[in-house]
Structure formats: structure tokens, C-alpha cells
A.B. asks: 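Handing you a structure now.
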There are 2 protein chains.
Amino acid sequence: MSTANDTTARRMTLAASIVGSGASAKAWNWPGTKWNRFADFEHYKRSAEIARSGNLDAVFVSDHPALQRDARRGPGHLFDPIVLFSAIAAAVPDIGFVLTASTSYNSPYNLARRLASLDTISGGRVIFNAVANFNPDIAANFGADGLLDRDDRYRKADEFLEVVKKLWLSWDTPDGPEPQGPLWDENTARVIDHHGEFFDVRGPLNVPVGPQGYPVISQAGASDQGIDFAGKHAEIVYAALLEKQSAFDFAAKLDAAAQRHGRPADSIRLFPGVNVYLGDTRSEALRRHEAFSGADSEDGLIAQFLVQQRGLNPAFPDKVDADTVLKPEWFEPQEDQNRPIGFSKALQDLVRLEEPTTRQIVRRVGGAGGHRLVIGTPKEVADALIDWWADGAVSGYNAHFPLLHHDLERFVEQVVPILRSEGVFPTGYDSPTIRGRFGLPEPSTTPTEEAA
Amino acid sequence: MSTANDTTARRMTLAASIVGSGASAKAWNWPGTKWNRFADFEHYKRSAEIARSGNLDAVFVSDHPALQRDARRGPGHLFDPIVLFSAIAAAVPDIGFVLTASTSYNSPYNLARRLASLDTISGGRVIFNAVANFNPDIAANFGADGLLDRDDRYRKADEFLEVVKKLWLSWDTPDGPEPQGPLWDENTARVIDHHGEFFDVRGPLNVPVGPQGYPVISQAGASDQGIDFAGKHAEIVYAALLEKQSAFDFAAKLDAAAQRHGRPADSIRLFPGVNVYLGDTRSEALRRHEAFSGADSEDGLIAQFLVQQRGLNPAFPDKVDADTVLKPEWFEPQEDQNRPIGFSKALQDLVRLEEPTTRQIVRRVGGAGGHRLVIGTPKEVADALIDWWADGAVSGYNAHFPLLHHDLERFVEQVVPILRSEGVFPTGYDSPTIRGRFGLPEPSTTPTEEAA
């Protein structure tokens with residue numbers, strides 16, 4: 001219905017991560033909070049309500065279908081995202097859902113049906129964040145074969161997306177008045193008869209084409225295979241990007257990948273993650289960052305960064321001074337590393353492009369790597385977000401907050417009004433569906449060559 | 001927490017099926033209804049609200065993860081039950097959920113997590129109705145191997161239940177004040193290291209033990225394999241039973257099966273299905289039955305029964321008069337039949353025990369077989385329900401209604417008050433959890449020999 005780029009060219013899109021107790025390892029038992037709120041539905045529902053009160057486009061959950069190894073932080077991934085978002089959908093209007101689910105450990109028919117059900121029930125508010133999963137702890141919960149290698153995982157993910165897209169468009173229901181005769185036939189409910197390397201699925205899906213055709217497809221893997229997969233299937237990409245030039249470079253890669261798969265160059269919206277630390281003054285924001293990192297001071301942050309990077313990178317030297325310029329070769333991603341390739345690449349890019357010292361880098365990214373830190377007063381945070389967006393490097397952000405609900409509430413109360421007054425963020429929901437809001441085209445119910 | 005039988009000895013339990021537009025093939029476009037409400041979440045939510053207004057224990061959905069073959073009736077199984085009930089759980093308090101899900105076409109880790117998430121989010125309102133699935137149309141949506149044979153399906157179902165029960169009890173979270181030190185260790189979050197014929201699952205589950213330990217387990221298959229599976233795992237059995245003696249006989253079989261697996265004889269609650277047709281007079285109820293069956297008269301019902309039974313049963317004679325006594329050998333279940341064995345057995349039992357004519361049988365069961373018809377005034381319906389229950393044959397009923405919402409509303413307004421005034425049905429919810437309401441014991445978090 002809507003055409004690409006008419007809306008997103010004019011406004012920033014924002015999602016808020018509502019994983020667990022907050023993005024900080026210190027969040028779960030922060031003074032004044034209920035320590036076990038990670039197991040309380042009302043906690044998640046309230047996060048979604050706060051996000052909605054600021055007109056944020058969506059709430060986001062990553063997922064990890066295994067109990068995490070580190071028992072000193074609250075369990076981030078507890079409720080299944082399908083169940084969690086289905087429950088929130090019935091309780092909170094408008095807000096969208098970035099629903100992370102595995103293409104390695106779901107069957108395409110069941111997941112297509114569950115996502116289509118939620119997309120219809122919520123009136124078109126679903127973004128399917130397809131992940132192939134790289135973690136052997138997850139693999140061990142789903143069979144004896146262990147992890148597929150990355151090429152196989154992405155070949156499977158590609159076939160999975162092919163199947164679910166075909167299923168999502170397989171059954172057109174009539175609009176308007178009561179139909180005479182059968183409710184469907186082989187022309188309106190089409191078998192897909194998919195037979196591939198990983199899946200055999202007949203169809204049609206028993207949920208009709210939904211309010212936005214099918215859920216918006218997003219992706220977050222930054223390996224070469226991940227980027228190629230995004231080029232073929234993704235409409236949104238979440239990424240770790242630590243400075244603006246990397247965002248332009250990454251967007252160019254995505255454009256090239258999309259074009260390789262016969263799609264227009266501007267098919268993919270880029271949403272980097274940001275970790276937001278707010279203070280009434282810059283100094284207060286810096287102290288908040290130090291407190292939630294567990295380092296308690298700038299020297300603590302420096303020590304933490306060096307210890308963690310040494311543990312993660314075989315090439316990282318034993319002795320690095322706080323004011324030594326870091327070298328990109330110390331941060332070389334490992335093919336078999338058990339954490340996102342994108343986090344390693346983002347850190348290496350930052351080091352290569354800006355030649356920072358450790359003292360400088362600890363205000364840009366967490367000690368173990370990860371998403372961009374945006375630290376400061378509400379005005380400074382808003383300016384930092386507007387900066388990349390206004391330059392066209394990104395379509396918006398996926399914001400992480402150290403402490404839920406506190407920092408999300410503060411963001412909505414103090415940063416969102418500035419974004420609005422600068423004319424970059426809306427004051428209401430202009431479309432019931434995510435596709436409508438993001439200016440993404442609805443998929444055609446006539447499968448294309450690509451999808452067929 | 002509660003002990004078996006203290007509550008159910010004193011009160012009837014009732015669930016209402018909220019599948020699609022109602023149990024009748026005529027329901028979807030019945031005059032005065034919105035024809036496509038089978039795709040409208042508000043329709044299902046309203047059904048749950050009506051059920052709750054009568055203090056019904058639960059709403060029930062069967063499931064069929066494939067588009068049904070018959071396109072002349074509304075699609076009964078559209079929204080995925082996990083999504084549907086998660087959404088209803090956030091919108092409607094108190095009501096329980098009989099959630100049908102396949103042990104053949106889900107992975108135990110994902111389903112255990114999804115059901116545990118919903119059980120926690122809903123405060124302990126989930127009954128897991130485990131089905132092995134016998135339909136080749138479903139199998140074709142989940143791989144190229146086709147249907148497993150019944151023995152294999154039930155061996156897989158048995159192992160599935162073993163795994164999910166172990167997962168559900170694998171992670172104890174601390175109650176009370178904030179724990180010092182790690183939030184779990186190998187004693188409180190236990191790997192299950194399951195390695196079996198069908199599944200390999202490490203665990204622990206990343207959702208802690210829920211408000212009722214784990215969801216109540218129910219089952220509905222009436223084959224020998226199904227009854228054995230029920231004996232080992234089920235706490236509730238749904239069944240097609242057309243007269244009281246069959247209910248006693250079936251309950252005895254379940255008791256024997258439970259005892260074979262080392263459980264007490266009264267471990268399983270029996271809930272037959274009933275199809276309820278209400279009228280202000282008996283005659284009006286009979287007319288409603290004729291109208292919703294599509295037969296429009298008693299002669300029409302007779303003709304319909306004969307045509308359908310001839311189509312289903314190879315041994316059914318070509319010429320049977322309306323007043324000929326039916327013979328049990330005409331209704332012999334076929335090993336490979338593509339409909340529930342329980343429906344065939346129930347019909348055959350009725351014919352054997354009561355020697356009815358076709359004219360008599362058409363007010364007892366639908367033309368194609370199925371659940372018991374209960375037709376009459378509110379008082380007659382209430383008496384029929386109380387009759388079996390008071391004799392101890394059954395613990396309650398799973399009620400199906402020809403037209404949703406109309407007939408469910410009428411049942412709640414007209415039959416429930418009689419059940420209450422007779423002292424067999426409660427006026428409120430006496431426990432937040434299904435186990436509490438049904439008097440079912442909570443599973444021990446120390447796995448037993450049986451479960452281990």
C-alpha cells in the first residue's frame with residue numbers, strides 16, 4: 001500500500017530493547033528495583049507501555065533458547081518471545097514487536113503460522129528478526145548433531161525464509177461481503193509444495209495473508225554470510241556500528257548485497273544498536289555509565305576493557321597502557337568465536353578509523369565490545385542520534401537501556417521531546433502497521449521469481 | 001499443594017471449546033453473525049470472557065496445523081493456540097486454557113519453554129493437551145517422511161513428555177529476598193542430558209519452575225496406544241463417550257493404565273465432550289439441532305446419518321431403514337482411518353449397549369459420529385450433565401456449542417445457574433491455578449524414578 005521511503009525519509013524510527021531487567025549486568029538487583037522482575041510479565045508489559053507513551057515504533061527482544069552461562073546477571077532470555085509479545089499485543093496497543101526467532105531450531109510451518117497469527121492479532125505490528133544462532137549451548141538443546149557450520153546455517157536460514165514467505169502468501173481470504181460457495185479453492189489457497197535441502201512443506205498455511213502481507217523481515221548477523229542473507233531477505237538490519245563512517249560503509253555493503261539479489265539499492269533500513277546513558281549533566285551521565293558497567297570510575301573502565309579484550313582476542317598484548325593507541329590487528333574476529341562477529345568487526349573498525357587510546361575508547365563501547373555508547377544530557381543524546389540519522393547513515397536506532405524501567409522512562413520523557421521539537425520524530429502513530437510506519441512495501445501475494 | 005480429589009469430589013469442572021465460529025459447519029455464516037469472525041481475535045477473546053463470566057474452568061482449542069480439506073465450513077484451526085491463548089491470557093483473568101499441541105511436530109525444548117512461559121505469565125492456567133496427530137495432511141507440512149505409524153507416534157509422544165517434564169522441573173528459582181551470589185548453580189539449574197530414540201536435549205530450561213509446577217497434562221487419544229500413554233502421563237483425558245456405561249468402562253481402562261505405570265487408580269480425571277443444543281422447550285432445542293446439522297428435519301438427520309456412516313464404514317449396508325436396529329459390526333474402526341479412533345469406538349459402544357435404530361441414534365450423536373449430543377431445555381441439559389457426574393462416571397465436561405457466541409452465552413446464562421443452584425458448580429474461582437481448582441497434585445521438583 002505505502003511506497004518505500006516516503007515516511008522514513010522524514011522521520012527517525014526507534015525501537016527499545018526490553019530484554020530482562022535492562023542491558024546492564026548490574027540491573028537485576030539495582031537498589032530500589034524488584035530483583036526478580038525478569039520473571040514477571042507485568043515488568044515487560046510496563047516496558048512496552050512506556051515505549052508506547054513515547055510513540056516508539058517497537059519493542060525488541062533478542063533471544064537465547066538456553067539458560068545463559070553467567071549466573072551473576074539476571075537471565076536476559078526467559079519468556080519465549082512469541083508468548084511474551086502475544087501477551088503484550090493484547091494489552092498494549094500500537095507498539096510494534098521485533099521478535100527474534102531461530103531459523104535453525106523452528107520448523108518453518110509452525111513459525112510461519114505463529115508469526116502470522118501474531119501479526120493478524122496485533123493488526124500488523126510484527127518484525128521477524130531471523131537469527132541462525134551460533135551458540136553451541138543452544139544447539140545442545142535441539143539435538144545431538146551440534147552446531148551446523150556457518151555456511152550451512154545460512155543456507156538453512158535462506159531456505160527457511162523462502163518457505164515462510166511462500167507460506168505467508170499462500171492463502172488469500174476474500175474481503176467484503178460473505179462469499180458464496182466454498183471459502184477457498186486451489187486458486188485462493190495454494191499448496192507451495194516446497195522440497196529443498198532442509199525442508200519439505202506442502203502448505204498452504206492455515207492463516208490467511210495478514211494485515212501487512214507478512215511480517216517485516218529483519219536480520220542482525222554481520223558475517224559475510226549474514227550480509228548476503230540480508231541482501232536477499234531483510235528489510236531491516238540491526239547492527240553494531242561504533243562510528244558514522246562504518247555505518248555508511250555497512251549500508252553500502254547491504255545495498256550491494258540487495259542489488260546482487262535483484263532488489264533496489266535502498267531496500268534495507270539500517271538500525272544500529274545504541275546503549276543510552278543519560279544524566280542531567282554530562283558528568284552525571286559519565287558516572288552512571290561507570291556505575292552500571294561495574295567499573296565505578298574511568299580507571300575502572302580502562303582496566304575492565306583491557307582484561308576483557310585480552311580474554312577475547314588471542315592477539316591482544318599483555319601490556320597496553322591507558323594512553324597507548326590501540327591497533328586493529330589486536331581485534332581480529334575469530335572464525336569460530338562464540339559471540340557476534342558484528343561486535344568484533346565494529347570494534348576493529350572503530351580502532352582502524354579513529355586510532356583511539358583505551359582511555360578514549362571506553363566511552364564509545366563496553367569493555368567486551370557491543371553497541372555504541374551514547375552518553376550525556378538529553379540534548380547531547382538527542383544530538384548524537386540526530387547526527388547519524390540526518391546524514392542519512394541510518395534510518396533509526398535500536399536503543400538499549402542499562403536499567404528498566406528507569407532509563408527507558410527517562411529517555412521517553414527527556415530525549416523524545418527534543419527529537420520531536422527538532423522535527424525528526426512523530427507525535428503519534430501514523431499507521432497501524434509497521435510497513436505503513438516504516439514506508440516498506442507490502443509483499444505481493446503473487447509470488448515473484450525470487451520468492452518462488 | 002492441594003491433594004487429589006478433595007475439590008473435584010464436590011464440584012463439576014467445565015471447559016468450553018472456542019474453536020472457530022462454533023462446532024456446527026453452519027456456524028460461520030449463520031444469519032446475524034460476522035461471517036469471517038474466525039479470523040478476528042476479538043471473537044475468541046469474547047468467547048473467553050463469556051466463559052469466565054460463568055466461572056467455567058477453561059476454554060479449549062483443538063488444533064490442526066494444516067488448512068482443512070472441507071472449504072464449505074469456516075476454518076476451525078487458524079490462529080496458533082500458543083499465540084491465541086497468550087493474547088487471551090493478558091486480556092482475560094481467571095479462565096484456564098486447554099492448549100492442544102503436537103508431540104510429533106514441535107521440539108520439546110521450544111514447546112516446554114513456550115508452555116512454561118504462558119503458564120507463568122497466566123499465573124498457572126495452562127493445561128497441555130498433548131496430541132500425536134494422525135493426519136497425513138499435517139505430516140506433509142512437516143517433512144517428506146509422511147506419518148509415523150501409530151506405535152512410533154506414541155513412542156515419540158512418550159519420550160516427548162518425559163523430556164518436557166524434566167525440563168519443566170530443571171530450574172528452581174529462589175523465593176523471597178534477593179539472593180547473594182550467583183542466581184543459579186548446577187544444583188538449582190540442572191542439566192537433564194536426555195539422550196533417547198527421538199530427542200537429545202541438554203537443558204536446563206531457561207524458564208523456572210512455574211506457579212503450578214508445570215502445566216496440567218491432558219490427552220485425548222482413545223486407541224490402545226493412546227490409553228497407555230494417558231496411563232503414564234495424563235492427569236486429564238478428553239474423550240467421546242455416548243452413554244454412561246461406556247464412561248465407566250473407559251474410566252476403568254484409564255485407571256488400569258495408570259496403575260500399570262505405578263500411579264494411583266484415581267490419577268486421571270475424565271472429561272467427555274458434549275455438544276449442547278438449548279431451547280426454551282425441548283421441541284425448540286430439537287429444531288435447533290436439525291437446523292445446525294444442516295438436515296432441517298428428523299428425516300433429514302436420518303438420511304444424513306446413513307449417508308455419512310456408509311461413506312465412513314466399509315461394512316455399513318447400502319440399505320438400512322430408519323427403524324432398523326443398528327449392528328455394532330457395521331461400525332468397526334479401521335486401523336488406518338483418518339479420523340479419531342475414539343469417535344468410532346464411542347459410536348460402536350453405543351450401538352452395542354443400547355441397540356438403537358437410526359431414528360433413535362440421530363439425537364445422540366452427529367451424522368459423522370463425534371461427541372454426545374445433549375439437547376433440551378436448560379433444565380434438561382443441566383440434568384443430563386449432572387446425571388453422569390453425580391454417578392461418578394466423569395469429573396466434568398468439555399462442552400461444544402453449535403454457534404459462538406450465542407450458544408455459549410445461553411449456556412452460561414441459563415444452564416450454569418441451575419448447576420449452581422444444584423450445588424454442583426462453583427460461583428467463583430477458588431484457586432488461581434488449574435491444579436488448585438481441579439485438586440491435582442503439584443509435581444515434585446525432585447524428579448521421580450518414573451520421570452527420570
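Just so it is clear: chains get the letters A, B, ... in the order the sequence lines come, proteins before strands, and each one is counted from 1.
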A.B. asks: Against chain A, work out which of B:G74, B:A139, B:P179, B:A39 has the most heavy-atom pairs shorter than 4.5 Å and name it.
C.D. replies: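 Looking at each of B:G74, B:A139, B:P179, B:A39 in turn, B:P179 comes out on top.
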
A.B. asks: Measure distances from B:Y44 to the heavy atoms of chain A and classify the residue's part below 4.5 Å as side chain, backbone, both or neither.
C.D. replies: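 Neither part; nothing is under 4.5 Å.
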
A.B. asks: Please state whether the side chain, the backbone, both or neither of B:A144 comes within less than 4.5 Å of a heavy atom of chain A.
C.D. replies: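 Its backbone and side chain both get close to chain A.
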
A.B. asks: Could you walk me through whether A:E42 and A:K45 pass salt bridge (charged side-chain N to carboxylate O under 4.0 Å, His left out), step by step?
C.D. replies: CA-CA 5 Å; A:E42 292 300 321; A:K45 183 177 132 186; 3.6 Å; yes

A.B. asks: Between B:D40 and chain A, with a heavy-atom cut-off of 4.5 Å, which part of the residue counts as in contact: side chain, backbone, both or neither?
C.D. replies: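 B:D40 has no heavy atom closer than 4.5 Å to chain A.
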
A.B. asks: Does the side chain of A:V164 reach to within under 4.5 Å of the side chain of A:Y214, using non-hydrogen atoms?
C.D. replies: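 SC-SC contact between A:V164 and A:Y214 ruled out.
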
A.B. asks: Output yes when a side-chain donor or acceptor of A:R73 lies under 3.5 Å from a complementary backbone atom of A:W28, and no otherwise.
C.D. replies: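 Checked: no pair found.
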
A.B. asks: Among B:F199, B:F198, B:W184, B:Y105, who wins on heavy-atom pairs under 4.5 Å with chain A?
C.D. replies: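 Highest number of pairs under 4.5 Å: B:W184.
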
A.B. asks: Can you confirm whether or not the ring centre of A:F79 sits under 6.0 Å from the ring centre of A:F41?
C.D. replies: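 Between A:F41 and A:F79, which both carry aromatic rings, the centre distance is not below 6.0 Å.
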
A.B. asks: Tell me, side chain or backbone of A:F142 under 4.5 Å from chain B's heavy atoms, or both, or neither?
C.D. replies: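 When you check distances to chain B, atoms from both the backbone and side chain of A:F142 fall under 4.5 Å.
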
A.B. asks: Do B:N206 and B:R113 meet the criterion of a side-chain donor-acceptor pair at a distance under 3.5 Å?
C.D. replies: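 Judged by distance alone, the side chains do pair up.
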
A.B. asks: Sort B:H195 into side chain, backbone, both or neither according to what part of it lies under 4.5 angstrom from a heavy atom of chain A.
C.D. replies: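 Neither; nothing under 4.5 Å.
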
A.B. asks: Taking NZ, NE, NH1 and NH2 as the nitrogens, is one of them in A:E49 or A:R46 under 4.0 Å from a carboxylate oxygen of the other?
C.D. replies: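 Salt bridge between A:E49 and A:R46, a charged N being under 4.0 Å from a carboxylate O: yes.
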
A.B. asks: Quick one: which of A:D137, A:I82, A:L167 has the most heavy-atom pairs under 4.5 Å with chain B, could you say?
C.D. replies: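 Of A:D137, A:I82, A:L167, A:D137 has the most heavy-atom pairs under 4.5 Å with chain B.
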
A.B. asks: Looking at B:A89, B:P108, B:A189, B:P75, which one has more heavy-atom pairs under 4.5 Å with chain A than the rest?
C.D. replies: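 Of the options given, most contacts go to B:P75.
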
A.B. asks: Hey, are B:S104 and B:N133 close enough side-chain-wise for a donor-acceptor pair under 3.5 Å?
C.D. replies: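 The criterion, which ignores hydrogens and geometry beyond distance, is not satisfied for B:S104 and B:N133.
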
A.B. asks: Between B:P177 and chain A, which part of the residue has a heavy atom less than 4.5 Å away: side chain, backbone, both or neither?
C.D. replies: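 Contact with chain A is through the backbone of B:P177 alone.
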
A.B. asks: When only pairs under 4.5 Å are counted, which of A:P204, A:A140, A:A90, A:G181 shares the most heavy-atom pairs with chain B?
C.D. replies: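 Looking at each option in turn, the highest pair count goes to A:A140.
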
A.B. asks: Between A:Q68 and chain B, with a heavy-atom cut-off of 4.5 Å, which part of the residue counts as in contact: side chain, backbone, both or neither?
C.D. replies: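 Contact with chain B: backbone and side chain both.
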
A.B. asks: Of the backbone (N, CA, C, O) and the side chain (C-beta and beyond), which part of A:D185 lies under 4.5 Å from a heavy atom of chain B, both, or neither?
C.D. replies: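 Answer is neither: A:D185 stays 4.5 Å or more from chain B.
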
A.B. asks: Based on non-hydrogen pairs under 4.5 Å, which of B:S102, B:S107, B:A116, B:P182 is most in contact with chain A?
C.D. replies: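 Heavy-atom pair counts peak at B:P182.
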
A.B. asks: Side chains of A:Y109 and B:I138: closer than 4.5 Å at any heavy-atom pair?
C.D. replies: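 They are not in contact (no side-chain heavy atoms under 4.5 Å apart), so the answer is no.
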
A.B. asks: Where on B:D119 is there a heavy atom nearer than 4.5 Å to chain A: the side chain, the backbone, both, or neither?
C.D. replies: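 No part of it gets close to chain A.
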
A.B. asks: Look at A:E159 together with A:K156 and state whether they make a salt bridge at an N to O cut-off of under 4.0 Å.
C.D. replies: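 No salt bridge links A:E159 with A:K156.
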
A.B. asks: Name the member of B:V201, B:D200, B:N141 that forms the most heavy-atom pairs with chain A at distances under 4.5 Å.
C.D. replies: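 If we count pairs closer than 4.5 Å to chain A, B:N141 comes out on top.
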
